[in-house]
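As a basis for the values below, the full set of heavy atoms in this structure was taken, side chains included, without hydrogen atoms, waters or symmetry mates. Order of appearance sets the numbers: ligands from 1, and atoms from 1 within every ligand. For reference, positions follow the sequence shown, starting with 1.
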Amino acid sequence: MRNVFGVDIGGSGIKGAPVDLDRGDLTRERHKVLTPQPATPDGVAGCVAEVVGHFGWSGPVGITFPGVVTANTIRTAANVATEWVGVDAARLLGDRLGGLPVTVLNDADAAGVAEMRFGAGRGRKGSVVLLTFGTGIGSALFTGGRLVPNTELGHLELHGHDAEKHASTKVKEDEGLSWQHWAHRVQKYLAHVEMLFSPELFIIGGGVSRKAEKFLPLIKGIKAEVVPAELQNNAGIVGAAMVAAGG
Ligand code: BGC
């Protein structure tokens, strides 16, 4: 059994657990702390150290971040403090973890990597788009099973707005939208992404994937298959650990 630790930094919670890379599952119940507000580099690093320390872990750690990440460096921060931009997150977080080897990648990309190996995207060779609905909208694009990183489709323009300001689950909650009303927005968004990429499959992830039966049947007119993520809210943790282990 090969184990690596995975941490998922989200807009509302920071959670992590050791991951069994052969099964694509957590080996222990995950530990979660609330994301500090504002979510500054220092505050978030302290929370990551608490989550990893909870398990007494020493070994490689994969960490997701809700923004563009190239070569472990943060490039955008739409839903966390802007001080993150330009930070070498692997160095910052690795130092806080007492020098453990750290790999950092985009949260939706991590979720996608896990779903393609162990979940709803298993064996799919055509274009697949995974979308995570939460505080923002994250995206991961695969073709031939390979990830095109940092696609940021949550920031496509929809009705004159950033799509995630129109169709995320945070917007559903903040505006008190019914499932019907929200599903209609998601449908418009999927149609737009479909026009651009013609994927064979959409995988719908994020916490809301647990409630797929409430909104997926309301989404009509999309040519691609639309299915819920199978690893649900653990996909980010599992994918981060997989990438830290070398893919
Ligand atoms: C960020 C993405 C992230 C998504 C989900 C967006 O605001 O720009 O990088 O994947 O939120 O957290």
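Using modelled atom types, no side-chain atom of Lys170 and backbone atom of Ala167 make a donor-acceptor pair closer than 3.5 Å. At least one donor-acceptor pair closer than 3.5 Å links the side chain of Ser139 to the backbone N or O of Glu152.
Every ring pair (Phe, Tyr, Trp, His ring centres under 6.0 Å) that Phe215 has, sequence neighbours left out, goes to Trp179, Trp182. Not counting sequence neighbours, the partners of Ala235 by the side-chain contact (heavy atoms from CB on, under 4.5 Å) test are Ala111, Ala114, Glu115, Leu231.
Residue-level contacts of ligand 1 at the 4.0 Å heavy-atom threshold are Pro66, Gly67, Val68, Ala78, Asn79, Asn106, Asp107, Ile137, Gly138, Glu152, His155, Glu164.
Taking 4.5 Å as the limit, some side-chain heavy atom of Glu230 sits within range of a side-chain heavy atom of Arg122.
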Please tabulate, one pair per line, all N/O donor-acceptor pairs under 3.5 Å involving side-chain atoms of residues 47-66, not counting sequence neighbours.
{"from": "Trp57", "atom 1": "NE1", "to": "Gly59", "atom 2": "O", "distance (Å)": "3.3"}
{"from": "Trp57", "atom 1": "NE1", "to": "Pro60", "atom 2": "O", "distance (Å)": "3.2"}
{"from": "Thr64", "atom 1": "OG1", "to": "Asp8", "atom 2": "OD1", "distance (Å)": "2.4"}
{"from": "Thr64", "atom 1": "OG1", "to": "Ile9", "atom 2": "N", "distance (Å)": "3.1"}

